[in-house]
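Bear in mind that the values here come from a model prediction, so they are computed numbers and not experimental data. Residue numbers count from 1 along this sequence.
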Amino acid sequence: MDLSCTDEEEEYRARLREWLAATLPGLPGRPDPLDWPARRAYDCGWQRRLYDAGYADTHWDASPTQRLIFLEETELAGAPYVGANFVGLLHAGPTIAAEGTAAQRARWLPPILRGDEVWCQGFSEPDAGSDLASLRTRAVRDGDAYVVTGQKIWTSHAEVADWCELLVRTDPEATSKHRGITWLALPMDAPGITVRPLRTLAGSTEFAEVFLDEVRVPVSNRVGEENDGWRVTMVTLSFERGTAFVGEVVACRRLLGELARTARKNGTWDDPVLRRRLGRLSAEFQALWRIVQANVSEAQATGGVPGAGGSVFKLHYSHARQELYDAAAAVLGPDALDLGRDWTLDRLSSLSYTIAAGTSQIQRNIVAERILGLPKGR
C-alpha cells in the first residue's frame, strides 16, 4: 500500500498553501460559536471563497488523496471549518455524487459547493437511535410524490438547513428491517415540517427534533431505488466515518502541541504522569493519521467510497478525542471550567463522539462482522 503523494499532488498542496496564506488574513471575524444563523452565513461565505478559487469541488470531484491533502492543509492553516455545511459537503454531497442521477447531481451539488444551500441529516429517531434500521418514519407513494409522516431527532443543523437527507420506511411489510428503507432529499420549507431546536450541554442548538406531518416529497428526490435506501445509507455512513473527521485529527494533533506548551508555562509539565499521558496521546493520533491514509488509499483503489476501515478509525478516534480533552482539563486545572475557552466547549462536545455517527458499540459490531468475519449475534 503506497501512502506517499505523487508530484502532482504535492504541487496541489503547494498551490493550496499559497492561496490559504494570501486569503485567510482578509477574512472577517468569526461569529459567536453558539449563534448558528450567524455561523451559517460565515460558513457559507467561506465556502463561496473556496468555490471562486476552484477548491470547492475537492470533496467529491478530487481523488481521495487530494481530498486528504485539502483537509490537512486547511486545518493546519487555521482555515474555517465546514461548520453548517458539514452534512452537505461531507455526507449528502458525496452520496449524491456516488449514487444520484445526472439530474440530481446537477441540481444539488453546485449549490452545496457554492455555499448557497445547507443540508441537515434526518436519520436518527427517538426509538431507533443506534438501531437505525428500526426507523419508523413512513413514506407512502401517492402518484409522483411520497407522503411522509414521522419524527426525527438529533437532526444536525435542521434550524438553518434548506435540505435534509432523510431516511424513510417505504415498505413496512419487508421481511427484514434493513429492507423497505428509502433515501430522500427533503426540502425543509415543505408544508408539514416542524423544527424544534435541542439545546446542548454547551448551550448550542445545532441539533433539533423534526416532526413530519404528511409532508409531500417528489419521487424525483429519491436517491437510489425505492426500498434500496439501506445500501445508499451505507455509502453515506462510510463517508461520515471514513473521511469526515480527517480535519479533526489534524486539529487534535495541533492541540497536543498547544497543550505541551501550556503545560511548560504553568508547571504541570513537571508531572511525569501527565507527560507520559500526552506522549501516549501523540502516538495514538499519529496512528490514527496512518489509519486515515490507509483508508484513503483503499478508497482510491476501490472507486472513491471508504470501506469498513472507517469504523476502525471512528471507534478509536472517538475515545482518543475524549481522552485528549480530559488531558486538556488536567493541564488547565480550574480554568477548564471557563466556558469562554474554546477547549472547554470542545471538551463538552467530545462527550458526544462515542455516540455521534454511530455509537462505539455499533462500530465494534461492524469491525467484528465485516473485518474479522465473526458471526452475527442473534
Side-chain angles (χ1 to χ4, degrees), residues 1-5 13 17 20 64-65 67-82 86 90 238-265 268-269 271-299 306-332 336 341-360 363-364 366-367 371:
M1 181 178 294
D2 185 7
L3 301 181
S4 62
C5 294
R13 185 192 298 275
R17 281 183 179 175
L20 289 168
T65 300
R67 190 179 309 131
L68 182 65
I69 292 171
F70 174 83
L71 293 171
E72 181 182 16
E73 292 299 325
T74 52
E75 183 60 46
L76 286 172
Y81 185 53
V82 290
F86 183 89
L90 304 183
S238 70
F239 283 111
E240 183 177 29
R241 296 163 185 169
T243 56
F245 292 110
V246 168
E248 296 186 33
V249 175
V250 181
C252 288
R253 295 179 71 182
R254 188 178 68 243
L255 173 58
L256 272 169
E258 295 176 12
L259 276 177
R261 288 188 291 272
T262 300
R264 288 187 175 95
K265 289 179 180 178
T268 54
W269 186 256
D271 181 354
V273 175
L274 177 65
R275 290 201 305 272
R276 284 196 298 271
R277 188 176 187 182
L278 295 181
R280 180 177 58 79
L281 282 168
S282 178
E284 290 207 18
F285 280 104
Q286 288 181 31
L288 280 167
W289 186 246
R290 291 305 184 189
I291 292 175
V292 165
Q293 291 177 308
N295 287 343
V296 165
S297 295
E298 180 187 10
S311 288
V312 176
F313 167 81
K314 169 60 173 59
L315 175 63
H316 196 70
Y317 170 71
S318 298
H319 293 273
R321 183 182 175 92
Q322 290 178 350
E323 290 181 20
L324 171 63
Y325 283 102
D326 283 345
V331 170
L332 293 174
R341 285 180 172 269
D342 290 340
W343 287 358
T344 303
L345 293 176
D346 288 340
R347 186 188 184 204
L348 294 177
S349 173
S350 74
L351 299 176
S352 69
Y353 274 64
T354 46
I355 301 173
T359 67
S360 291
Q363 306 310 323
R364 289 189 180 96
I366 293 172
V367 171
I371 298 178

**Message:** Please enumerate all residues that pass salt bridge (Lys or Arg N to Asp or Glu O under 4.0 Å) together with R254, with sequence neighbours excluded.
**Reply:** E75, E258
**Request:** Would you please name every residue forming a side chain to side chain contact (heavy atoms under 4.5 Å, CB included) with A77, sequence neighbours left out?
**Result:** L20, L24
**Request:** Starting at OG1 of T74, measure out to CD1 of I69 and round the result to the nearest 0.5 Å.
**Result:** 11.5 Å
**Prompt:** Closest heavy-atom contact between A320 and L281?
**Reply:** O-CD2, 4.0 Å
**Request:** Would you mind telling me which of L259, D271, D326 makes a side chain to side chain contact (heavy atoms under 4.5 Å, CB included) with R277?
**Result:** D326
**Complete:** The reported gap from CZ in R321 to CG in L255 (rounded to nearest 0.5 angstrom) is 8.5 Å
**Request:** Return the minimal non-hydrogen interatomic distance between L274 and A327, and the atom names on each side.
**Result:** CD1-O, 4.5 Å
**Item:** Taking every non-hydrogen atom, the tightest pair across A330 and T268
**Value:** O-CG2, 4.2 Å
**Fill in**
Residues at least two apart in sequence or cross-chain that pass salt bridge (Lys or Arg N to Asp or Glu O under 4.0 Å) with R280, listed by chain then number, are E284, E323
**Item:** Sequence-distant partners of R261, side chain to side chain donor-acceptor pair (under 3.5 Å), two or more places apart
**Value:** none
**Complete:** Applying side chain to side chain donor-acceptor pair (under 3.5 Å) to R17 and not counting sequence neighbours gives E73
**Request:** For residues F285 and C252, report the shortest heavy-atom separation together with the two atoms involved.
**Result:** CE2-CB, 3.5 Å
**Asked** Looking at residues at least two apart in the chain, or sitting in another chain, which of them share a side chain to side chain contact (heavy atoms under 4.5 Å, CB included) with S282?
**Response** L256, Q286
